[in-house]
Amino acid sequence: MKIAVLNGSPKGKKSATMHYVHYIQKKFPHHELNIIDISQRINRIEKDEKAFREIINNISSSDGVLWATPVYVTLVPSQYKRFIELIFERDGKSVFKNKYAAVLVTSIHFFDHTACNYLNAVCDDLGMNYVGAFSPDMYDLIRRKEQERLVGFTEDFFSAVENGRVTSKHFAPIIYNPISYEPKEVENRLDPGEKKILVLTDDSQPGTNLTKMVDRFKRSYLRSVESVALSDIDIKGGCLGCCQCGLDGVCTYDGKDEFIDFYNSKVKNADILVFAGEIRDRYLSWKWKQFFDRRFFHTHIPSLTGKQIGFIISGPLRRIPNLRQILDAYSEWEQANLVDYITDEYEDSSEIDDLLQSLAERLVECADRHYVKPETFLGHGGRKIFRDDIWGRLRVAFQVDHQYYKKHGLYDFPQSRYKMRFFNWKMMLFTKIPAVRKIFSERCMDEMIRPHRNVISKMDQVSNSMQVNP
Ligand SMILES: Cc1cc2nc3c(=O)[nH]c(=O)nc-3n(C[C@H](O)[C@H](O)[C@H](O)COP(=O)(O)O)c2cc1C
């Protein structure tokens, strides 16, 4: 059997993910696995149609495709995303149709599920027979039990190909027929005060829904609002995964392009950020992905604390909850406040006008209140994964993060809460006594809300004393 392995790691042969593939090669020597470096060679693949066609021909003559890639910033690396866009742009779709596919992603399990969902959806869109995904931790390969699992996954994939198994689809095709948005004049312009507002967009072409939405949003304000097209920033390439940033805070692109200066001077200095983009396949454009990947020079340290964020999106966001989850998560682990998403999925231009006006107003009001909503599982759980790894196995590689986490109290392990530990120890002991255990179980519900009741009764006391002494 012949399998085309599409390598998503920008590190090419020095990829952890590829070592999983090498393991498969050793275990199944009678099958042919052809590794094709995609991300590392993306510039060539993009510029040279022949290089792209060679890959397509290789896939065409294969029995199956293994999408093998690291997770970068909750998805695949921007270079890999670009390749996926090229498949659709250059009529490469037909060779994928009815081919068997599996996904192998390595990561530290921070939003690896969103990367898997994305690749699964791409396989469904390409009409492939998607068999399944294998998402190990980057170091699982050194554990015997995990090696066995990898063999199990591979056998399942190969057996599906050999036996021509039927496979299920997990993602409905996307239906998207947008109106041509025609904004009206703005009646009540808003004074944003001294707030710095920055709009970043991946499209500045006149006449598109996105450009018109951005323009309408900007006109909500009394003064001019800065907007920058990602294509106007000199960005030499996607993140290479070298992790220089973690060790000494220096990105390999430092001084070679404009990204870091731009990010530090414009993005980090804004009070309100509006990200505008068009949906391509099941995400935003690869240009946006490049932006999010290159932001990794700031490593696992939040860089937008307290800022207000809005998204203006042209495309079927409502039909891609995976993308919505990624963007929600992004805002949460950046410790910013995501105010709203405005898309062009409405019947009427006036609805979009009203929504953009409302977004403009809420962004300013939330900034005035310094409001940041509480984290959900996405931000809260994600931060704990970073905390554990930076304290542990990633500490040497990410010394910059370690210093930051120490200084900002992010090492909030329960192990170091001695008062709580003593309380727990005492109560565990007491509740071994049947009578105490009975009382505890009877009072459990009341005790759980005792602190809440205290807050409310204190408020009552304050308001009563104000009535007595107005
Ligand atoms: C820029 C960058 C972004 C990353 N983003 C994530 C992420 O969002 N989630 C995660 O679990 N791991 C993330 N990782 C860790 C990689 O997925 C992990 O190290 C992977 O095994 C690397 O595979 P490779 O050596 O094949 O490139 C990131 C690593 C880098 C360099």
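Counting convention: from 1, in listed order, for ligands and their atoms alike. Excluded from the calculations below are hydrogen atoms, water molecules and symmetry mates; all remaining heavy atoms, backbone and side chain alike, are included.
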For the residue pair [X] and [Y], categorise the inter-ring angle as parallel (less than 30°), tilted (30 to 60°) or perpendicular (more than 60°).
X    : Y    : value
Y263 : H298 : tilted
F386 : W333 : perpendicular
F413 : Y411 : parallel

(request) Mark yes or no: R90 above the aromatic ring of F52, with NZ or CZ under 6.0 Å from the six-membered ring centre and no more than 45 degrees from the axis. (result) yes

Suppose we measure from [atom] to each protein heavy atom; which comes out shortest, and what is that distance?
atom                    : value
atom 16 (C) of ligand 1 : V71 O, 3.6 Å
atom 5 (N) of ligand 1  : V73 N, 2.9 Å
atom 12 (N) of ligand 1 : I108 N, 3.5 Å
atom 9 (N) of ligand 1  : F110 O, 2.7 Å
atom 27 (O) of ligand 1 : S9 OG, 2.7 Å
atom 8 (O) of ligand 1  : T74 N, 2.9 Å
atom 21 (O) of ligand 1 : T106 OG1, 2.7 Å
atom 19 (O) of ligand 1 : M138 SD, 3.2 Å

(request) Would you please indicate if the ring centroids of F134 and F157 are separated by under 6.0 Å? (result) no

(message) Would you say the rings of F111 and H113 are close, in the sense that their centroids are separated by under 6.0 Å?
(response) yes

(request) Tell me which part of Y72 gets within contact of ligand 1: side chain, backbone, both or neither, using heavy atoms under 4.0 Å. (result) both

(request) Mind checking whether H109 contacts ligand 1 via backbone (N, CA, C, O), side chain (CB onward), both or neither, at a 4.0 Å heavy-atom cut-off? (result) backbone

(request) Give me the one residue out of F217, Y341, W288 that meets ring pair (Phe, Tyr, Trp, His ring centres under 6.0 Å) with F275. (result) W288

(message) If I apply the N/O under 3.5 Å rule, does P70 come out as touching ligand 1?
(response) no

Enumerated ligand 1 atoms positioned under 4.0 Å from heavy atoms of [X]:
X    : value
G241 : 31 (C)
C239 : 1 (C)
K11  : 24 (P), 25 (O), 27 (O)

(message) Distance alone, cut at 3.5 Å: any donor-acceptor contact between the side chains of R216 and Q357?
(response) yes

(request) Salt-bridge test for R149 and E146: reply yes if a basic N is under 4.0 Å from a carboxylate O, no otherwise. (result) yes

